[in-house]
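A single structure is presented below for examination.
A, B, ... follow the sequence lines: proteins, then strands. Residue 1 opens every chain. What you are looking at is a predicted structure, and each value in this text was computed from that prediction instead of being measured.
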Amino acid sequence: MVAMLMNIHDTINSIESITPKEAIILQNELRGSVIARDDFGDIKLIGGVDVGVKEGIAVAAVVMFEYPSLTLVETATATRKAVFPYVPGLLAFREIPVILDALVKLSRRPDIIIVDGHGYSHPRRFGLACHLGVTLDIPAIACGKSRLVGEYREPSLGRGSVEDLVEGGEVIGKILRTRDNVKPVFISVGHRVSLDTAVRIALESARGKRLPEPVGMAHKAASNRTKDGFRKR
DNA sequence: GCGACAG
DNA sequence: ATCTTGTCGC
């Protein structure tokens with residue numbers, strides 16, 4: 001595998017120096033590497049990933065929680081100029097570089113990660129969570145906050161309600177209500193995990209909040225670094 | 001041409 | 001995502 005043979009520096013460079021047209025071709029090449037079934041060992045550490053952008057500077061935060069106790073054990077952040085533009089469907093090329101910067105700072109590798117964004121529920125079935133999961137060959141779950149593609153019916157209002165996210169007759173993800181009467185989230189496969197398992201872990205991790213704990217925490221961490229530049233270490 | 005469009 | 005005050009609800 002190409003990504004496996006490259007160090008992180010080259011990996012980042014090849015991702016952010018690509019053109020949008022080439023990016024689409026690359027997604028179509030890499031989509032075949034996604035493993036959409038459960039393929040992982042015991043989960044003891046679960047990571048949450050999120051990125052914020054402020055005045056052209058991207059801030060990534062990766063948080064690690066013990067699983068299933070959901071105790072916060074480690075946080076890492078990184079800052080990097082956002083070079084690739086925001087283009088719906090090509091978010092990975094804008095966010096993966098800074099995410100990798102943050103990930104290498106962790107003392108341990110998470111056994112699975114939950115990513116803020118889509119995975120299989122993507123125009124080419126290769127969203128950010130898939131790209132990150134395949135690049136690191138790590139189990140990944142996608143948890144988006146709004147629709148990118150597909151149609152669905154509104155889940156009933158109780159926590160745990162689920163509906164299919166469908167496109168072209170295929171179930172590409174699930175709409176999951178993680179809290180009573182609160183806007184549902186969009187769950188899909190990232191890598192090495194089945195859709196049902198992704199939904200189960202996402203719901204388990206969302207305790208009292210709309211977003212799964214790891215993602216919510218990563219969002220906060222990135223947001224704090226995003227506010228008023230990045231001077232406060 | 002028009003509308004849709006993760007973060 | 002970010003720009004922004006108050007406000008409704010547990």
What's the closest nucleotide to the A/L148 side chain, out of C/dT2, B/dA6, B/dG7? B/dA6

Extract the stems that DNA chain C is part of, considering only consecutive pairing runs of at least three Watson-Crick or G-U wobble pairs, both distances under 3.5 Å. none

Using atom CG of A/N224 as one end and atom P of C/dT2 as the other, report the distance to the nearest whole Å. 12 Å

Check whether any side-chain nitrogen or oxygen of A/S146 sits under 4.0 Å from OP1 or OP2 of B/dG7, and answer yes or no. yes

Interatomic distance, A/H118 NE2 vs C/dA1 P [rounded to whole Å]: 13 Å

Using atom CD1 of A/I172 as one end and atom C1' of B/dA6 as the other, report the distance to the nearest whole Å. 12 Å

Give a yes/no verdict on base stacking between B/dG7 and A/Y86: centres under 5.5 Å, planes within less than 30° of parallel. yes

Under 4.0 Å between a Lys/Arg side-chain N and an Asp/Glu carboxylate O for A/E95 and A/R80? no

Taking atom P of B/dA6 as reference, at what distance in whole Å does atom CG of A/L165 sit? 13 Å

Check this for me, if you would: do A/D164 and A/R153 make a salt bridge, where the nitrogen-to-carboxylate-oxygen distance has to be below 4.0 angstrom? no

Report yes if a side-chain nitrogen or oxygen of A/K145 is closer than 4.0 Å to either non-bridging phosphate oxygen (OP1 or OP2) of B/dG7; otherwise report no. yes

Are any of the side-chain nitrogens in A/K183 or A/E154 under 4.0 Å away from the carboxylate oxygens of its partner? no

Taking the side chain of A/T226 as its heavy atoms from C-beta onward, which of B/dG7, B/dC5, C/dT2 lies nearest to it? C/dT2

Do A/I18 and A/L26 have side chains that approach each other closer than 4.5 Å (heavy atoms only, starting at C-beta)? yes

Is the ring pair A/F186/A/Y152 parallel, tilted or perpendicular, if the boundaries are 30 and 60 degrees? perpendicular

Given C/dA1, is OP1 or OP2 found less than 4.0 Å from the side-chain N or O atoms of A/H219? yes

Hey, does A/V51 reach any base, or is it just sugar-phosphate, or nothing, if we go heavy atoms under 4.0 Å? sugar-phosphate

Contact between A/D38 and A/R192 at the side-chain level, heavy atoms closer than 4.5 Å - yes or no? no

A/E95 CD to B/dG7 C1', straight-line distance once rounded to whole Å: 5 Å

Flag side-chain contact, heavy atom, 4.5 Å: A/I99 against A/V51: yes

Grab the NZ-P distance between A/K183 and C/dC8 for me, whole Å please. 22 Å

For A/L90 and B/dA4, give me the distance from atom CG to atom C1', rounded to whole Å. 15 Å

Would you indicate whether the side-chain heavy atoms of A/I46 and A/I114 approach each other to under 4.5 Å? yes

Which is true for A/R94 with a 4.0 Å heavy-atom rule: it touches a base, it touches only sugar-phosphate, or it touches nothing? nothing

Quick one: on DNA chain C, does A/R179 or A/D50 contact a more 5' nucleotide (nearest heavy atom)? A/D50

Rounded to the Å, how far apart are A/F93 CZ and B/dG7 C1'? 15 Å

So does A/R147 get a side-chain nitrogen or oxygen closer than 4.0 Å to the phosphate oxygens (OP1/OP2) of B/dC5? yes

